S.K.: 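Would you mind keeping the following structure in view while I ask a few things?
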There are 2 protein chains.
Amino acid sequence: MSQKHTATSDGVYEKLKEQILHLELPPGAAISEIETAEKYNISRTPVRDAFKRLEREGLLEIRPHIGTFISLIDLNAVSDILYIREVLEYSVLSDLSQIYDKSQDLRIQLILQQQKELLESDMPIDELSRAFINSDNEFHTALFDAAGKRNVIKFLYSYNSQYERFRTFINFNGKEDLQKLYECHLKIWDSIVSKDLAALKDCINHHLYDGINASSDIISKTPEYFTKIHS
Amino acid sequence: MSQKHTATSDGVYEKLKEQILHLELPPGAAISEIETAEKYNISRTPVRDAFKRLEREGLLEIRPHIGTFISLIDLNAVSDILYIREVLEYSVLSDLSQIYDKSQDLRIQLILQQQKELLESDMPIDELSRAFINSDNEFHTALFDAAGKRNVIKFLYSYNSQYERFRTFINFNGKEDLQKLYECHLKIWDSIVSKDLAALKDCINHHLYDGINASSDIISKTPEYFTKIHS
DNA sequence: AGTCAATGACTTGCATACAAGAAATTTAAT
DNA sequence: ATTAAATTTCTTGTATGCAAGTCATTGACT
């Protein structure tokens, strides 16, 4: 499965995506095909492919004959994704609580233990954030997997680039948020095992929405990263 | 808003997509860049752009240095989409039943009336199918719209090409299926207006899954259109 | 100085030539 | 006849040149 085939195009796609999600390429910044091609010593063609792909994911905005720009963070889109995630996650996890058997406990416990250790470590905050977010994604993937709904979360991940970027933005804030996330994970798993659906619903709603509420002050510090809200 | 900008690429994309969804380009068939470019009197570049886009939607399979093929209908993917749709649709529509006010009734009634007239008309079956499916999509869009969740259904539609193709496949079967669909629509709207959530859930599940159950015999007539199921 | 048209420096869209890989076909040797 | 290597012919991937659109700058004219 080494799939050498479109190494150049895929490579620049992944590098760009990582830089955009980590905000190293900040929202609103201009980025040109030629410039990028020269940077990676390739031609415009694979760069164009990567650009188009990133545009479809909502991470780039290509304005023909004008330029290409890192898209602003669209809080409405983030809110939509959160709604979709909340609904699907509750449905899948309440299914899981019905069919749950002890054999899957190990994998979850392992991830939770890993997160605990992360929080106790003394990494620099931005490195910790990335590692914790990765582990968070692993946690949710493991849950969907256990429920036999692997494709559902793959589908969600294919659509939540905007949300990912938003998360890396707010998690730069502090370690307390990550601590809260971890505690939520414990509660979620508890309510699945104990089949407490009301508690589960409560957890999921808070888990996802907490960030967006607590962050309005952070957002106002770099308003140029965000699209205007006209709800 | 005339947006002339990428007319060539977008044009061939839409033409190809329509042909694929209508099964005029049958699953498994080979389709090459050069051949397509010559057919539309354009160069390979915009064709390639369209191909990549269709590949992302799961409608094409590009095998580098070998060829490009119309993807087979993946029943597992269809099933996944149906699950996602069912969960989201129930959530959105039960929200709608809470906030529903009479002012939105007109638009829905108009669409339902239109569907009734379609069924009473004497169009050829394949033309009727297309028209009815379009109207079906309008119906669901109007519902999501009324619930203030326009983006959620846009998101769903961006991901359900496989399902669309499957539907055009099974609806070639007969007019009775369309009649059933119409009756389901009536029931769905009734249960929203009367706030009968249990009936609503029942309708949605049946509405979406009915097709896939009733069609196993049709599928076996052209098994080469479908991927092998190894569940 | 102010106004407006021409120009030049960018951008991305499109066309085309070539490179590289895969598979069928041919050709030569046994 | 069989087998295997060479070749031919497909395919898509990549590089590059040109076309066309947008915007800022420049410069002539009033």
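Given the structure is predicted, the values throughout are model-derived calculations rather than measurements. Residue numbers begin at 1 in each chain, while the letters A, B, ... track the order of the sequences.
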S.K.: Can you check whether A:T68 has a side-chain N or O nearer than 4.0 Å to OP1 or OP2 of C:dT11?
M.R.: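 Result: no.
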
S.K.: Let me know, please, whether A:I66 or B:R44 comes out on the 5' side of the other along DNA chain D by nearest nucleotide.
M.R.: B:R44

S.K.: Between A:D136 and A:R167, does any NZ, NE, NH1 or NH2 come within less than 4.0 Å of an OD or OE carboxylate oxygen?
M.R.: yes

S.K.: Calculate the interatomic distance between B:E38 atom CD and C:dA15 atom P; express it in whole Å.
M.R.: 13 Å

S.K.: Using atom CG of A:D49 as one end and atom P of D:dT16 as the other, report the distance to the nearest whole Å.
M.R.: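 It is 16 Å, rounded to the nearest whole Å.
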
S.K.: Taking the six-membered ring for Trp and the full ring for Phe, Tyr or His, determine whether the centres of A:Y157 and A:F144 are under 6.0 Å apart.
M.R.: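 Centroid distance A:Y157-A:F144: not below 6.0 Å, so no.
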
S.K.: When you check the side-chain N and O atoms of B:S91 and A:Y83, is any donor under 3.5 Å from an acceptor?
M.R.: yes

S.K.: Could you state the NE2-P distance from B:H65 to D:dT11, rounded to the nearest angstrom?
M.R.: 13 Å

S.K.: Using whole Å, what does the distance between atom C1' of nucleotide D:dT12 and atom CZ of B:F69 come to?
M.R.: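 Distance check: B:F69 CZ to D:dT12 C1' gives 11 Å.
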
S.K.: Rounded to the nearest Å, what distance is computed from the CZ atom of residue A:F51 to the P atom of nucleotide C:dG13?
M.R.: 10 Å

S.K.: Using atom CD of A:E33 as one end and atom P of D:dA20 as the other, report the distance to the nearest whole Å.
M.R.: 18 Å

S.K.: Tell me whether the OP1 or OP2 atom of D:dT16 has a side-chain N or O from A:T45 closer than 4.0 Å.
M.R.: no

S.K.: Distance check needed: D:dC10 P versus B:E35 CD, whole Å only.
M.R.: 13 Å

S.K.: Using whole Å, report how far CD1 of B:I34 lies from P of D:dC10.
M.R.: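 Rounded to whole Å, this separation is 10 Å.
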
S.K.: Reckon A:S32 touches a base, only the sugar-phosphate, or nothing at all at heavy-atom distances under 4.0 Å?
M.R.: sugar-phosphate

S.K.: Can you identify which nucleotide, out of C:dT11, C:dA15, D:dG13, has its nearest atom closest to the B:R48 side chain?
M.R.: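 The listed nucleotide nearest to B:R48's side chain is D:dG13.
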
S.K.: Using side-chain heavy atoms (C-beta onward) and a distance below 4.5 Å, is A:I188 in contact with A:L143?
M.R.: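 Of all side-chain heavy-atom pairs linking A:L143 with A:I188, at least one is under 4.5 Å.
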
